[in-house]
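Input: a single structure, listed below in structure tokens.
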Amino acid sequence: MILFKRAAELRNYLEKQRKKGKKTGFAPTMGALHEGHISLLEASKKENDLSVVSIFVNPTQFNDPADYAKYPITIEKDISLLEAAGCDILFLPPVEEMYPSGQMLKKKYELGYLETLLEGSFRPGHFQGVCQIVHRLLEIVLPDNLYMGQKDYQQCMVVKKLLELTGLGQTVHLQISPTLREKSGLAMSSRNMRLSEAERNAAVAIYQALDHIRENLKPGSLKELQQQATAQLTGKGFRVDYVAIADAGTLYPAEDWDGRQKLVALAAAFLGEVRLIDNLLLN
Ligand code: AMP
């Protein structure tokens, strides 16, 4: 695995590889890697000649400074995991490489209603930060395929929109990988590292609440199901930001189900200081 810290060096290297006809897959991450991240790399390795992973804890996507300060960093272990999984290139830039002075959140991306819903409404500015870093990374890596996880469902939709807005979508294909879970059902997440063992056991309630919605889905009003799932979480000590049932294609809230509309259930809730998110396609 080759490690790059400078954008220009990585860009030059990849430019040469492109001229040799090599196809590139790219998975951006914030590190503290787990099997979910590695599954993105594995998907990339199947479909590309070269696989690039980036690790960058992006300051502009944290609306809560304490969350940024406490974001887990396990770089030595990450490097070992990536090497063992056969990653070709790791991009590990320092902050000033991604944000030369004064370039933080200069541009505004027209994300429309997508950034007013769910994560957008509870984490103001979050998706602008996501777009800024993903745009910058894509301009450096110029991959053929971009790998992202369904775990961050709304983020996948935002990045799809970013690809349209910037025209990058003409050459970059977004590939969405399924959410990897612990045996218990808990979605793997870097933030799980911040949970105590007892909290980690309790955290599975998010998956169970979403699964309750999936198991009990029937045509008609969805309100009661949504309320039951919320009550399951608050009853277990979570501070719930939202439990929502939405159209799987648009993320518009769904109030009634006609038995055909494709739906997704999404949740975000705090366990202690740690905010966890998850989602499940319902049908
Ligand atoms: P993060 O490091 O949390 O920003 O995540 C980097 C990428 O890994 C994003 O595209 C995530 O959606 C994806 N990812 C995170 N957790 C999982 C998981 N449990 N299964 C699959 N992909 C994941």
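In this chain, numbering begins with 1 at the start of the sequence shown. Just so we're clear, the structure is a prediction, and the values are computed from it rather than from any experiment. Every number for a ligand or one of its atoms is a count from 1 in the order of the listing.
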Item to complete: Before accepting this row, confirm whether a basic side-chain N of the pair D88/K22 lies closer than 4.0 Å to the acidic partner's carboxylate O.
Response: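 A salt bridge is absent here (no side-chain N lies under 4.0 Å from a carboxylate O).
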Discussion item. Would the distance check show the side chain of N192 and the main-chain N or O of A187 forming a donor-acceptor pair, the cut-off being under 3.5 Å?
Written reply: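 Indeed, once roles are kept as given, a pair shorter than 3.5 Å links the two residues.
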Worksheet item: Are the side chain of D278 and the backbone N or O of A268 linked by a donor-acceptor pair below 3.5 Å?
Response: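 No, the answer is negative, given that no donor and acceptor are paired below the 3.5 Å cut-off.
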Item to complete: Kindly identify the option in M30, E35, R191 whose heavy atom sits closest to atom 4 (O) of ligand 1.
Response: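 Looking at heavy atoms only, M30 sits closest to atom 4 (O) of ligand 1.
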Discussion item. Can you check which of Y71, Y153, F56 brings a heavy atom nearest to atom 3 (O) of ligand 1?
Written reply: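 Of the listed residues, Y71 has the closest heavy atom.
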With respect to [X], determine whether any N or O atom, backbone or side chain, lies less than 3.5 Å from an N or O atom of ligand 1.
{"X": "G149", "value": "yes"}
{"X": "D152", "value": "yes"}
{"X": "A187", "value": "no"}

Which bit of [X] gets closer than 4.0 Å to ligand 1, counting heavy atoms only: side chain, backbone, both or neither?
{"X": "A32", "value": "neither"}
{"X": "P28", "value": "backbone"}
{"X": "M188", "value": "both"}

Discussion item. Any heavy atom of P178 closer to ligand 1 than 4.0 angstrom?
Written reply: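 The answer is yes: ligand 1 sits under 4.0 Å from a heavy atom of P178.
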Worksheet item: Are any of the heavy atoms in H34 under 4.0 Å away from ligand 1?
Response: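 Checking ligand 1 against H34, which is what was asked, there is a heavy-atom contact under 4.0 Å.
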Practice prompt. Flag yes if more than 12 heavy atoms outside E83 fall under 6.0 Å of its CD atom; otherwise flag no.
Written response: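 Counting other residues, nucleotides and ligands, CD of E83 exceeds 12 neighbours.
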Discussion item. Does K108 have more than 12 heavy atoms from other residues, nucleotides or ligands lying within 6.0 Å of its NZ?
Written reply: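 Yes, NZ of K108 has more than 12 neighbouring heavy atoms, counting only those of other groups under 6.0 Å.
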With heavy-atom distances below 4.0 Å as the criterion, list the atoms of ligand 1 near [X].
{"X": "M148", "value": "10 (O)"}
{"X": "L180", "value": "18 (C), 19 (N), 20 (N), 21 (C)"}
{"X": "T179", "value": "19 (N), 20 (N), 21 (C)"}

Discussion item. If hydrophobic clusters are built from ILVMFWY residues whose side chains come within less than 4.5 Å, do F26 and F56 share one?
Written reply: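 Yes, same cluster.
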Worksheet entry | Atom of N58, atom of Y68 and distance for their closest heavy-atom approach |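 Looking at all heavy atoms of both residues, the shortest contact is C-CE1, 4.4 Å.
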Item to complete: Check S51, S39, S177 against S44 for a side chain to side chain donor-acceptor pair (under 3.5 Å) and give me the one that passes.
Response: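 Option passing the side chain to side chain donor-acceptor pair (under 3.5 Å) with S44: S51.
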